[in-house]
2 protein chains.
Amino acid sequence: MSRQRAGLGTNQEAVRRHNLGTLLRHVHRAGHISRAELTSMMGLNRSTIAGLVAELESLGVTERALPVGARQGAGRPSAGVALADNGPYVIAVDLGVDRAAVARVGLGGVVQQRTEAPIDGGGGEAWQVGASVAALIRGVVEGAPAAAPLVGIGVSVPGLVRRSDGLIRLAPNLEWHDVSFGSIVLAALGLDIPVSIANDADLGALAEHQRGAGVGIDDLIYVSGNVGVGAGVITGGHRLQGAGGYAGELGHLRFNPQGRPCHCGNLGCWETEVGAHAIAEAIHCPADKVAQLGEVLGGFDKPTRELRATGTALGHGLASIVNAFNPRLVVLGGYFRSLFMLVGAEVNAGLADRALPAPLESVTLALPGLGEDSVLLGAAEIAFEPLFVDPVAALGNALVDVRSRLAG
Amino acid sequence: MSRQRAGLGTNQEAVRRHNLGTLLRHVHRAGHISRAELTSMMGLNRSTIAGLVAELESLGVTERALPVGARQGAGRPSAGVALADNGPYVIAVDLGVDRAAVARVGLGGVVQQRTEAPIDGGGGEAWQVGASVAALIRGVVEGAPAAAPLVGIGVSVPGLVRRSDGLIRLAPNLEWHDVSFGSIVLAALGLDIPVSIANDADLGALAEHQRGAGVGIDDLIYVSGNVGVGAGVITGGHRLQGAGGYAGELGHLRFNPQGRPCHCGNLGCWETEVGAHAIAEAIHCPADKVAQLGEVLGGFDKPTRELRATGTALGHGLASIVNAFNPRLVVLGGYFRSLFMLVGAEVNAGLADRALPAPLESVTLALPGLGEDSVLLGAAEIAFEPLFVDPVAALGNALVDVRSRLAG
DNA sequence: AGTAATTGTTGTTCGGAAGAACGAAAGGCG
DNA sequence: CGCCTTTCGTTCTTCCGAACAACAATTACT
């Protein structure tokens, strides 16, 4: 779950910090869990768990709950650990091509409040979008209890995000270059809290791994069809980020060097065959509907010949991906969801035809288990992350009574 | 450095185990290191380090050494921690297409003894190869001090290895399917010790990361030209294995669908353009020399036009890889080493032409820092791994006086 | 009702990291 | 050359927190 900083020893405080964070991670994952389960899962003593739970309760994060329902055999029922009302929450932002979604999300991945608004995709300046997003954030923060601490903001962006500082290097469909969106939003809000920014497909992968179609699966890929084609990779239970954070740009895998020109400057990238513009052209979809390609595809009840060919191309590209990453699961998000429901047979056939036998035999293609909210929940996850690394410190940095601060 | 099992808490013994293992890992990496450096790197107290070092000394793993040379400023010089003679060692096996190399490797990656012998690549049955390898192992074990404990055996294989049990699923150039090579070697030796088996490119990546061109670089790829084309990926400092352990099969990325047939059944895999057979054909190298393609290429002093085209194709393929994984370093091993020395300009140009700007700007192509021994040292690394996870337990399982056991 | 099984609670033990005090070994300086 | 400063090893003590033991609480089963 956690990857330690290399080479460090474990000192006394680190033990407590890690155990407290791990316990909270379990509660976050399960929502409602018994102390007995925590004891067996964490491999610690009953009394140790009791101490940790007591600390979380005194921090206002969890509260004692009734025993969790189904039991087997005799014995005293184990007390439940549940998430507190007025517990910590985060703001999740999903920046799409034509709209921004903002939600207040509590522990357990509970969407407490949600709004969205159209944004000016093409020529919209970043500060304008930032102002719109800030307004949406104000809206969802209004509804939060004053006592609840705000841990941070997580933002999903359809583009390349530098992991060292969250700078948006390139978001082709927003036409952004080197935008420090975190600073923009914080300035518009007048707040100073941690902002985590990441690529939309990466966050889709994270969310599907945590609470979607990929629960318990430590090697999965979320392939996102969202005008451009991107992917998020979870390997060994961790996000594959790469040196700069740009890993997963699978839309620009070489696919057909005799193919069409891609906006990246090359010929025949995979995206030129299975990207939104290519599909829109194949089904004679008007250009202004490309951003809603998922809905358009959902309107089909039978695949056309062109769509079947696209499905095969999708499968062929996935074969390269399966060979390279050997995932157990590939989740098809964005408009690929609708496409896969139409031409799943062709996709699977194309994959089976081109992948190596060994990696092929253990892989499954699946639809997202969280529907459209994958990415938003992923944004919430990265915002929560500091809380699981060091609960006490993260709560110390969190903001309480955000509403009045926003007013002032 | 170490990835904990997910969800577990840290109990008392785990702390000591982790600290002892981490300290030993540092000594293994540096070879000779001062206690003061260990104190600052691990973030623990002086007295704690002293206790850990004392335990390692009593285990016979390290011994007290003179202060490490260069110092700055005043103060008492810090005692050195050095590797003990008669310390633990492993057997590393590198199974090539036409020869097997076997070495006795001590902590610090010190090759203490090394042999190799030709093996019957094409039709050689696995048990025959296993017998040859066992004989080589007997040879290098002969030279070991009787008191030194043997921790395990690490084996590198040019093929797909299942990570759950080390089964060799497919080694095309050995013509092996589903071979349990570990059991075969152990049976031939009459011993029972841990055997770790992995793909050659994976181990090359590991070794270059640990002590080669990629020291300190947590995101790198080792691309191996070794008849077939494979790759090992280190991401976030850890091996990218995938669900079954087959990740990194980049030789079968789709490259040119109008291209030549590949032995995997598809058309135009990258391997059909930059694989050994393709290159051999391009330079009119006789078929029986393909296994020595590296040496053959080393004989060129000027690239031919065909080789320059191959270099460009290599660069184009690497562009897809750089887009997908965003490494900071790509190490070109096997015959790619010789090829890169000849046509490095074309490779770099091909890469720069096709990769996305963001991942491109931070990536470097490099030659292996360990030459031909990358893979062998990687095999030693995986054999040592249990020692760093739990030194006391691993030494408890290790064999002492192996020579007499082999005789009996 | 009685027993076995499981868990919460409380007080104690114990392992090991941290900290303080002191001596040892170097460099720098007059 | 002696003294001071700096840094480190050594030893002893402290302290944190996980483990453990004993007992009470709560269920299922007979």
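In the text below, chain A, chain B and the rest are named by the order of the sequence lines, each starting its count at 1.
Between B:Arg163 and A:Asp219 there is a salt bridge, since a side-chain N of the basic residue sits under 4.0 Å from a carboxylate O of the acidic one. A:Asp390 and A:Arg17 are joined by a salt bridge, as a carboxylate oxygen and a charged side-chain nitrogen come within less than 4.0 angstrom of each other.
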At under 4.0 Å between heavy atoms, how does the protein contact nucleotides 23-30 of chain C? Give one character per nucleotide, 5' to 3', with B, S or -.
BBBBS---
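Heavy atoms from other residues, nucleotides or ligands lying under 6.0 Å from CG of A:Asp401 number more than 12. Around the CG atom of B:Asp165, the shell of radius 6.0 Å holds more than 12 heavy atoms that belong to other residues, nucleotides or ligands.
Side-chain contact between B:Leu52 and B:Leu44: present, with at least one pair of heavy atoms (C-beta onward) separated by less than 4.5 Å. Side chains of B:Ile33 and B:Met41 form a contact here, defined as non-hydrogen atoms less than 4.5 Å apart. With contacts defined as side-chain heavy-atom distances shorter than 4.5 Å, the pair A:His209/A:His238 does not qualify.
Residues from residues 47-59 of chain B lying near DNA chain C, meaning a heavy-atom separation below 4.0 Å, are B:Ser47, B:Thr48 in numerical order.
In this entry the distance linking CZ of A:Arg46 with P of D:dA22 reads 13 Å, nearest Å. Rounding to whole angstrom units, CG of residue B:Leu66 and P of D:dC8 are separated by 17 Å. The distance between atom CG of B:Leu23 and atom C1' of C:dA17, rounded to the nearest whole Å, is 14 Å. Computed from coordinates, the A:Ile33 CD1 to C:dT7 P distance equals 13 Å when rounded to whole Å. Between the CZ atom of B:Arg17 and the C1' atom of D:dA18 there is a distance of 14 Å, rounded to whole Å. If you take CZ of A:Arg64 and P of C:dG8, they are 7 Å apart, rounded to a whole angstrom. The NE2-P distance, from A:His18 to D:dG17, rounds to 15 Å in whole Å.
Judged by distance alone, the side chain of B:Glu208 and the main-chain N or O of B:Ala213 form a donor-acceptor pair under 3.5 Å. In terms of modelled atom types and a separation under 3.5 Å, the side chain of B:Arg405 and the main chain of B:Val400 share a donor-acceptor contact.
Between A:Arg35 and C:dG8 there is a side-chain N or O to OP1 or OP2 distance below 4.0 Å. For C:dG8, the OP1/OP2 oxygens have a side-chain nitrogen or oxygen of A:Ser78 closer than 4.0 Å. The phosphate of C:dG16 (OP1 or OP2) has no side-chain N or O of B:Asn19 nearer than 4.0 angstrom.
In this structure, A:Arg16 reaches the sugar-phosphate backbone alone: every heavy-atom distance under 4.0 Å involves primed, P, OP1 or OP2 atoms, never a base. Nucleic acid contact class of A:Asn45 (heavy atoms, under 4.0 Å, all strands): base.
Closest to the A:Leu44 side chain, of the nucleotides C:dG8, D:dC15, D:dA19, is D:dA19.
Residue-to-nucleotide proximity on DNA chain C shows that, of A:Thr39 and A:Gln12, the 5′-proximal contact is made by A:Thr39. In terms of position along DNA chain C, the nucleotide closest to A:Glu37 lies nearer the 5' end than the nucleotide closest to the other residue of the pair A:Glu37 and A:Glu13.
Each of B:Leu150, B:Ile193, B:Val151 was scored for a side chain to side chain contact (heavy atoms under 4.5 Å, CB included) with B:Ile91, with one residue passing: B:Leu150.
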